[in-house]
There are 2 protein chains.
Amino acid sequence: MTNINLALIALSDPTRRQIFERLAAGPSPVGVLADGLPVSRPAVSQHLKVLKEAGLVSDESQGTRRIYRIDPAGLGAIRQWLDRFWEVALTAFQAEVARDNERRKDQG
Amino acid sequence: MTNINLALIALSDPTRRQIFERLAAGPSPVGVLADGLPVSRPAVSQHLKVLKEAGLVSDESQGTRRIYRIDPAGLGAIRQWLDRFWEVALTAFQAEVARDNERRKDQG
DNA sequence: GATTTATGTTAGTCATGACTTACGGTAATT
DNA sequence: AATTACCGTAAGTCATGACTAACATAAATC
């Protein structure tokens, strides 16, 4: 299940977002991700766990290494949530403008 | 300045997201928002401050009351960031597939 | 002008989470 | 089979933040 709550929490951390952006450029094992990041390898592992539980990444065992890659489904879920939100906010804004015009018309 | 970092942090909190969704339905003063939420009014004020600094809402004084509404600019910034991200991840995925095909062709 | 209404701010508490070190487990290598 | 490479987990520390209660401020009302 792709939870919007978990996804937003996952992306709110800068380090985790950095990992996610790295994976956007292509799949990678944990150690490679840890090099080039200012945190330890276990920290990266913990971040990847959060990203995985949020449905944003998937993993695959490959010998001793574990390859992580972006899960498009999770990213798509956030986009969908955001789009629906955008639509609601826009229609509410338009309704508000219409109400405002009506009020001014009544007052002359 | 609409900072993606601040925006994502702002939306990662469930209570704050609830406030934001309420405002998506239309502008509202602080007290009205606080009723119908399980937290105190000062808590709502603090959340609104975070949302405002993230560029997600704007406020307007109206007598003793302060009306908050959604700032479309902030929401649009997140959408833009997400779309660009989506594009990068997709092209990287396609490139990976192409590399994989090439590898299989070489091996016969 | 005193009171009421509506809100922002401050101080303090408590829970959460990001991090490191140490350890355990599994697969490849020699 | 011993060693090495790679990774996840556990425990513990420390900073951050969400929350409440108390106080301060500004506008409307009486």
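Labels below follow one simple rule: chain letters A, B, ... track the order of the sequence lines, proteins then strands, and each chain is numbered from 1.
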Undergrad: Give the first and the last nucleotide of DNA chain C, reading 5' to 3', that has any atom under 4.0 Å from a heavy atom of chain A.
TA: C/dA18 to C/dA28
Undergrad: Please determine whether residues B/Leu23 and B/Leu75 belong to a single hydrophobic cluster, defined as Ile, Leu, Val, Met, Phe, Trp and Tyr linked transitively by side-chain heavy-atom distances below 4.5 Å.
TA: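 Yes; tracing contacts between hydrophobic side chains, which count when under 4.5 Å, links both residues.
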Undergrad: Given the rule that I, L, V, M, F, W and Y join up when any side-chain heavy atoms are under 4.5 Å apart, are A/Val39 and A/Leu48 in one cluster?
TA: yes
Undergrad: Among residues 60-68 of chain B, which contact DNA chain D at a heavy-atom distance under 4.0 Å?
TA: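 Only B/Gly63, B/Thr64 qualify.
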Undergrad: Within the side chain of B/Arg16, is there an N or O that forms a donor-acceptor pair under 3.5 Å with the backbone of B/Ile9?
TA: yes
Undergrad: When hydrophobic residues are tied together by side-chain contacts of less than 4.5 Å, even through go-betweens, does A/Leu8 share a cluster with A/Val88?
TA: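 No, separate clusters.
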Undergrad: Could you tell me if the side chain of B/Leu90 sits less than 4.5 Å from the side chain of A/Pro72, heavy atoms only?
TA: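 A side-chain contact under 4.5 Å is absent here.
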Undergrad: Indicate yes or no for a side-chain donor-acceptor contact from B/Arg17 to the backbone of B/Leu11 under 3.5 Å, with no hydrogens or angles considered.
TA: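 Yes, the answer is positive, given that a donor and an acceptor are paired below the 3.5 Å cut-off.
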Undergrad: Tabulate atom names and distances for all N/O pairs under 3.5 angstrom spanning the protein and nucleotides 19-22 of chain D.
TA:
unit_1 : atom_1 : unit_2  : atom_2 : d
D/dC19 : OP1    : B/Thr15 : OG1    : 3.2
D/dC19 : OP2    : B/His47 : NE2    : 2.2
D/dT20 : OP2    : B/Ser40 : N      : 2.8
D/dT20 : OP2    : B/Ser40 : OG     : 2.6
D/dT20 : O4     : B/Gln46 : NE2    : 3.3

Undergrad: Would you find a donor on one side and an acceptor on the other, under 3.5 Å apart, between the side chain of B/Arg66 and the backbone of B/Ser61?
TA: no
Undergrad: Do B/Ile70 and A/Phe85 come within less than 4.5 Å of each other through their side chains, counting heavy atoms only?
TA: yes
Undergrad: Looking at B/Val50 and B/Ala10, what are the two nearest heavy atoms and their distance?
TA: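 Reported closest heavy-atom pair: CG1-CB, 4.1 Å.
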Undergrad: Using whole Å, report how far CG of A/Leu48 lies from P of D/dC6.
TA: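 It works out to 16 Å between those atoms.
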Undergrad: Evaluate whether atom CD of A/Gln80 has more than 12 neighbouring non-hydrogen atoms of other residues, nucleotides or ligands under 6.0 angstrom away.
TA: no
